[in-house]
There are 2 protein chains.
Amino acid sequence: MSENAGRWLRDEIENSILSNEFSPGERLDEMVLATRFGVSRTPVREALMQLDAIGLIEIRPRRGAIVIDPGPHRVYEMFEVMAELEGLAGSLAARRLDKASREAIAATHSRCEQSAAAGDSDAYYYDNEEFHKAIYAAGRSEFLEEQCLQLHRRLRPYRRLQLRVRNRLSTSFSEHCAIVDAIFAGDGDEARRLLRTHVGIQGERFSDLVASMAAR
Amino acid sequence: MSENAGRWLRDEIENSILSNEFSPGERLDEMVLATRFGVSRTPVREALMQLDAIGLIEIRPRRGAIVIDPGPHRVYEMFEVMAELEGLAGSLAARRLDKASREAIAATHSRCEQSAAAGDSDAYYYDNEEFHKAIYAAGRSEFLEEQCLQLHRRLRPYRRLQLRVRNRLSTSFSEHCAIVDAIFAGDGDEARRLLRTHVGIQGERFSDLVASMAAR
DNA sequence: GTCAACAATCGTGTATACAAGAATTGCGCT
DNA sequence: AGCGCAATTCTTGTATACACGATTGTTGAC
């Protein structure tokens with residue numbers, strides 16, 4: 001447990017929400033959470049306030065906290081913003097690429113190649129995440145990196161769903177290749193464009209996501 | 001006072017920070033805030049946790065909360081992201097513009113024209129804000145709109161500083177004109193491009209900002 | 001039988017008390 | 001006199017108690 005019960009609880013509850021242990025719309029009872037995690041209501045409340053500020057739950061005055069249910073349309077909007085931010089990160093990365101970032105991108109990219117070749121979608125899910133994080137970091141904008149990481153966390157479950165779609169794994173990897181090429185070539189505009197379409201969920205990719213969401 | 005002391009305090013303290021009543025780096029003593037606002041420490045702590053989640057303050061475990069000091073470089077990074085988000089909002093607005101949004105943009109735009117003509121930089125500051133908010137709303141993406149509003153709030157003090165720079169007021173308004181034209185013409189790419197450069201603080205605009213920040 | 005009003009219960013919002021870790025100050029030592 | 005260590009004090013972190021509003025269940029009337 002972290003040195004601070006409030007922070008620890010925030011992460012704990014956040015993970016429970018993102019891993020769908022608490023269903024969207026579910027009411028989070030402070031007392032239940034408190035006994036479950038073996039603390040008093042005070043740190044639980046602090047954790048809930050933070051999750052509310054992040055946007056994962058909604059606290060209705062005097063009526064408790066409920067897990068926010070981002071419907072397909074809202075998830076689409078979130079991916080739309082994510083695509084924009086990643087595009088910016090990519091374009092900055094292409095312009096500012098240094099040796100360390102280049103190696104980080106190359107390393108995570110080759111790990112993606114391996115898990116894609118093995119058809120291991122769980123491994124690819126993880127490696128893909130590291131690949132994108134490497135790009136965020138390569139942009140050399142701390143604020144942008146933080147924003148990307150935060151939004152990435154919220155979209156993580158849906159990114160995972162997406163990978164289960166047929167052929168998505170190999171398609172994703174070939175898109176990665178083009179992205180890496182553009183960044184390494186210093187072509188910021190191209191990197192931006194490629195990342196936007198890679199991350200965005202236009203057309204059938206959106207239908208796939210909706211289908212996956214409905215399937216749960 | 002809002003029905004909820006925690007929310008109320010959050011807004012209250014947030015305003016105090018943004019209006020520079022609490023200086024960056026300053027330590028926020030829970031007991032002092034509690035007595036000042038006539039409440040106990042509990043709601044104060046809840047407000048502080050939320051401000052920490054938003055990124056306005058930093059709570060160091062067992063060492064209290066301090067107001068975050070975004071140096072010029074970080075402010076630049078924040079404007080960079082803001083420019084990207086506003087660009088997206090503008091491009092969506094151009095594509096999805098409906099009657100109500102069109103009227104809202106036209107109305108706020110003409111109010112900007114009046115205050116710009118009058119050389120009233122305080123009035124322009126307010127009208128300009130409404131103009132940009134009209135564009136966020138016209139994008140018809142609730143999530144994007146929320147993100148834009150949140151970042152806008154954090155950058156508000158700096159936007160104000162910028163307007164004090166010589167000629168900035170009329171330059172800003174003529175940029176607005178071009179933006180409105182692009183959006184009304186349905187030219188999403190152009191609206192995006194114009195908004196990016198309008199909001200971003202490249203080159204001398206950045207130096208101006210740094211100078212203004214240092215002047216305080 | 002259904003609807004409405006009232007009462008009881010449950011859960012949140014706030015205050016206060018207590019515990020534990022940092023900061024600070026004073027004392028002793030070199 | 002300066003530095004280091006220790007004790008005290010101050011502040012944060014957590015628990016608990018109390019108050020108020022919301023929800024729900026029951027009873028009575030139409």
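Computed from a predicted structure; not experimentally measured.
- Residues forming a salt bridge (Lys or Arg N to Asp or Glu O under 4.0 Å) with B:Arg27 (at least two apart in sequence, or on another chain): none.
- For A:Arg41 and A:Pro61, each mapped to the nucleotide of DNA chain D holding its nearest heavy atom, the one lying further toward the 5' end belongs to A:Arg41.
- Side chains of B:Tyr136 and B:Ser141: a donor-acceptor N/O pair is absent below 3.5 angstrom, by distance only.
- For B:Arg160 and B:Asp122, the salt-bridge test passes: some basic side-chain N is under 4.0 Å from an acidic carboxylate O.
- Residue A:Arg10 contributes atom CZ, which lies 16 Å from atom C1' of D:dG13 at whole-angstrom precision.
- Ionic pairing of A:Arg10 and A:Glu46 is not present here: no N-O contact between side-chain nitrogen and carboxylate oxygen is shorter than 4.0 angstrom.
- In this model, no side-chain donor or acceptor of A:Arg7 finds a partner on the base of D:dG13 within 3.5 Å.
- At the heavy-atom level, A:Arg62 lies under 4.0 Å from base atoms of the strands shown.
- In this structure, B:Arg205 contributes its side chain and B:His198 its backbone to a donor-acceptor pair below 3.5 Å.
- Within residues 25-37 of chain B, the residues having any heavy atom under 4.0 Å from DNA chain D are, by residue number, B:Arg27, B:Leu28, B:Asp29, B:Glu30.
- Under a 3.5 Å cut-off, the side chain of B:Asp69 and the backbone N or O of B:Gly25 do not form any donor-acceptor pair.
- Contacts of residues 44-59 of chain A with DNA chain C (heavy atom under 4.0 Å): A:Arg45.
- For DNA chain C, the outermost nucleotides in 5' to 3' order that have an atom under 4.0 Å from a heavy atom of chain B are C:dG13 to C:dA23.
- With sequence neighbours excluded, the residues forming a side-chain contact (heavy atoms from CB on, under 4.5 Å) with A:Glu21 are A:Ser16, A:Ser19, A:Arg36, listed by chain and number.
- Between B:His132 and B:His152, the two ring planes are tilted [angle within 30° to 60°].
- Residue pairs meeting the salt bridge (Lys or Arg N to Asp or Glu O under 4.0 Å) criterion with at least one partner in residues 82-98 of chain B, sequence neighbours excluded, are A:Glu80-B:Arg96, A:Arg192-B:Glu84, B:Glu84-B:Arg196, B:Glu86-B:Arg159, B:Asp98-B:Arg140.
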| query | Can you check salt bridge (charged side-chain N to carboxylate O under 4.0 Å, His left out) on B:Lys133 and B:Glu145, steps first, answer last? | reply | CA-CA 8 Å; B:Lys133 284 182 182 172; B:Glu145 186 180 359; over 6 Å; no
